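Every chain is numbered from 1, with letters handed out A, B, ... down the list of sequences. What you are looking at is a predicted structure, and each value in this text was computed from that prediction instead of being measured. Values reported hereafter were calculated over all heavy atoms of this structure, with side chains retained and with hydrogens, waters and symmetry mates removed.
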There are 2 protein chains.
Amino acid sequence: MENEVDGLDKRKAYILATVVYEYIATGEPVGSQALTQKYNLGVSSATVRNEMADLEAGGYLEQPHTSAGRVPSDAGYRTYVDALMSPEELGVDERRRIRDEMRDARAQLDEIVEQSSRLLGRLAGNLAFVTKPQSDTQSFRYAQLIWIGERSGIAIIVTSFGVASQSLFELRNDATPDDLTRLSNALNATFAGRLLRDCDDRSLAAVTKQCGFGEDMVGAVRAAFTGARTQEQPGIAASGAQHLLDQPEFRDVRKLRSILRILEEQRTLYDLVAGAFDSPAASVKIGHELGSEELADLSLVTVPYRFGERAVGMLSILGPRRMPYARLLALASGTAETLSERLHDVEVK
Amino acid sequence: MENEVDGLDKRKAYILATVVYEYIATGEPVGSQALTQKYNLGVSSATVRNEMADLEAGGYLEQPHTSAGRVPSDAGYRTYVDALMSPEELGVDERRRIRDEMRDARAQLDEIVEQSSRLLGRLAGNLAFVTKPQSDTQSFRYAQLIWIGERSGIAIIVTSFGVASQSLFELRNDATPDDLTRLSNALNATFAGRLLRDCDDRSLAAVTKQCGFGEDMVGAVRAAFTGARTQEQPGIAASGAQHLLDQPEFRDVRKLRSILRILEEQRTLYDLVAGAFDSPAASVKIGHELGSEELADLSLVTVPYRFGERAVGMLSILGPRRMPYARLLALASGTAETLSERLHDVEVK
DNA sequence: TTTAGCACTCCGGGCAAGCGAGTGCGAAGG
DNA sequence: CCTTCGCACTCGCTTGCCCGGAGTGCTAAA
């Protein structure tokens, strides 16, 4: 039937939506009377009570204890996010403010990523974090192999976002500085503009051998490119942890400890967003969907940012399940958009 | 007189030391009876009471409220740290463990700095942070100016710790790739091994002009070196914030918020240790000495680490004033030592 | 100068009472 | 058959109170 949503009739859906909305707003378990008083439901509290009992039986609501109001369950939030809430858009002035604040960062990849995480954390009033562009979605810009002595050299590779990575290598044969320059030029000519992940080992070896180098040099070049590809892979800027302290759900200090630990282990932080990485659009993970008991009463909103058409990184907001999803999605999208724009400023042309 | 310490007679000094020691150990305000029971003072609790009243009048102790025990004041801690406590040394096995764990980090500046902050945070059970080497204490290793088109080039400067910084510049005249190589070689020859801060603008200009370049190129080279000098200046690795949650003094969430905020603002974090930067030895700042009301019940232990003879950065521990100063000083020194050793592994020779 | 004794203070835990918000259910009404 | 009303019941939270324990300051005696 068209007046069913997710297996709920229209009235149940509306009541669920209202409960979630009210709980998000107040943080207090919401009861039937309070609901009928504040919202014009057109039915009495007793009816609402019956409906709420049904919703609880269906797993959408939970009761902290008898004689308390209802609170949404993971499933309740999920339905709300997927089907019930009305999406939000940022106002023009909000957009402008985001853009203005993003301008404060200098045109350096690290700076604009950090700035966007600070900005998002502050606007969203929650913990925000932003992954640096996956380095294998960046493209190769320049390589320079530098002779630094009879037996060793240093390889520098610059990506399209102006990130330089360097690695040392040994020189086994009697290569001259000129040889290295020749090889640098050949690499630059061959791979210019190509995605880093497409600079595969085979073509690297081919170019190196063409310049008259042997296996040892192939290994060095390969290592240099691998270094550039994996460098800073899980690099993440996080910010806004202090806002979590305002949330009543963190009166319990143990929760906080989990968060702080996660914050310091970039690895875990990265795993959190990793799941969202395949999907090109915004994603919301609620409570247990995060896959960890520690994080069971948190939610995560993740939005990709792009360079051109390609999604290159993620902006995320981590906060209590009881978060204003529509608003945060709008904020994250807006910030992602601006970040994407600024990405063009750091591009090495 | 030789049996006075800091204006306190011997018995007062001993009682003060015991009070501080006991308070650090238990976290409870310490009363006269408890003290005489646990420590063999050779006098009755009443006498201790009188002495404590004197110490309070002298500003060394404070009373949270009437009918509670005494707690050390900033001045009390200060006297304890300066004159009363007995310094600690790490055991051989502890040293070995630190060394072993530091070996886990790869030979990259960032990694060993982060590893040492993680290690120190965990061992000290407090928030630890480590500044990266001041970049102007590093020395110049290589410069490479790369021709990337008719009108632009990229300058890459590698420091003695293998940190590469890059900057873009414009080419106004019709310089060729060979010209740039020639200039690179000249820079390398002239400045090899010199401290970055000693690569002054005048000598840079001289070398550049000698190679036949004009003012525009001088500006570019100067900018590149300035970039290398100031890059990452306040770079700080922090870790162990979650330990602070165990401390009873953080039951008050507002305290925690200050800390988290500071943690995210590298600037403030840097200012904290900046004061200790001139002094070559370990330094302890207690409570209000930190210069901020927010941090008034915290203390900071700071120890420099060296490269060769030169102090290049700082290891710090931030925790409640009630911290085991002697132990933390020993831990920080031990970690600093090991960090200093590992610094040689990242040196670009 | 030290010690013993004593009255006083204050914090914190434990307990009971009362309040308020909310539920569930049976019966009445449309 | 669905909705509504009325009512008894539940339960957590707050308030007020009491009491024990730890500690202090003061006075007087050794």
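Atom CZ of A/Arg97 is surrounded by 12 or fewer heavy atoms from other residues, nucleotides or ligands within 6.0 Å. By the 6.0 Å contact criterion, OH on B/Tyr39 is enclosed, its count of non-hydrogen atoms from other residues, nucleotides or ligands being greater than 12. Crowding of B/Asp93 atom CG: a count of heavy atoms from other residues, nucleotides or ligands under 6.0 Å exceeding 12. Other residues, nucleotides and ligands place more than 12 heavy atoms under 6.0 Å from the CD atom of A/Glu265.
Residues B/Ser73 and B/Gly59 come closest through the heavy atom pair OG-O, 2.5 Å.
If you measure from atom CD of B/Glu51 to atom C1' of D/dG25, you get 15 Å, rounded to the nearest angstrom. C/dT23 atom P lies 11 Å from atom CG of A/Asn50, rounded to whole Å. With rounding to whole Å, B/Glu22 atom CD is found 15 Å from D/dG23 atom C1'. To the nearest angstrom, P of C/dG20 lies 13 Å from CD of A/Gln33. One interatomic measurement links the two molecules: CE of B/Met52 to P of D/dA22, which rounds to 16 Å at whole-angstrom precision. Rounded to whole Å, atom C1' of D/dC1 lies 15 Å from atom CG of A/Asp54. When rounded to the nearest whole Å, the span between CD1 of A/Ile15 and P of D/dC2 equals 15 Å. Rounding to whole angstrom units, CD of residue A/Glu28 and P of C/dG20 are separated by 16 Å.
Of the residues in residues 58-70 of chain A, those with a non-hydrogen atom less than 4.0 angstrom from any atom of DNA chain C are A/Gln63, A/Ser67, A/Ala68, A/Gly69, A/Arg70. The stretch residues 38-46 of chain A touches DNA chain D through A/Val43, A/Ser44, A/Ala46, each having a heavy atom within less than 4.0 Å of the strand.
The pair B/Asp74-B/Arg78 does not meet the salt-bridge criterion, since no charged nitrogen lies less than 4.0 angstrom from a carboxylate oxygen.
Checking the phosphate oxygens (OP1, OP2) of C/dT2, a side-chain nitrogen or oxygen of B/Arg11 falls inside 4.0 Å.
For the pair A/Gln266 (side chain) and A/Ile236 (backbone), a donor-acceptor distance under 3.5 Å is present. A donor-acceptor contact shorter than 3.5 Å is absent between the side chain of B/Glu22 and the backbone of B/Leu35. With hydrogens and angles disregarded, a donor-acceptor distance shorter than 3.5 Å links the side chain of B/Arg322 to the backbone of B/Ile24.
Between the base of C/dG24 and the side chain of A/Arg49 there is a donor-acceptor pair shorter than 3.5 Å.
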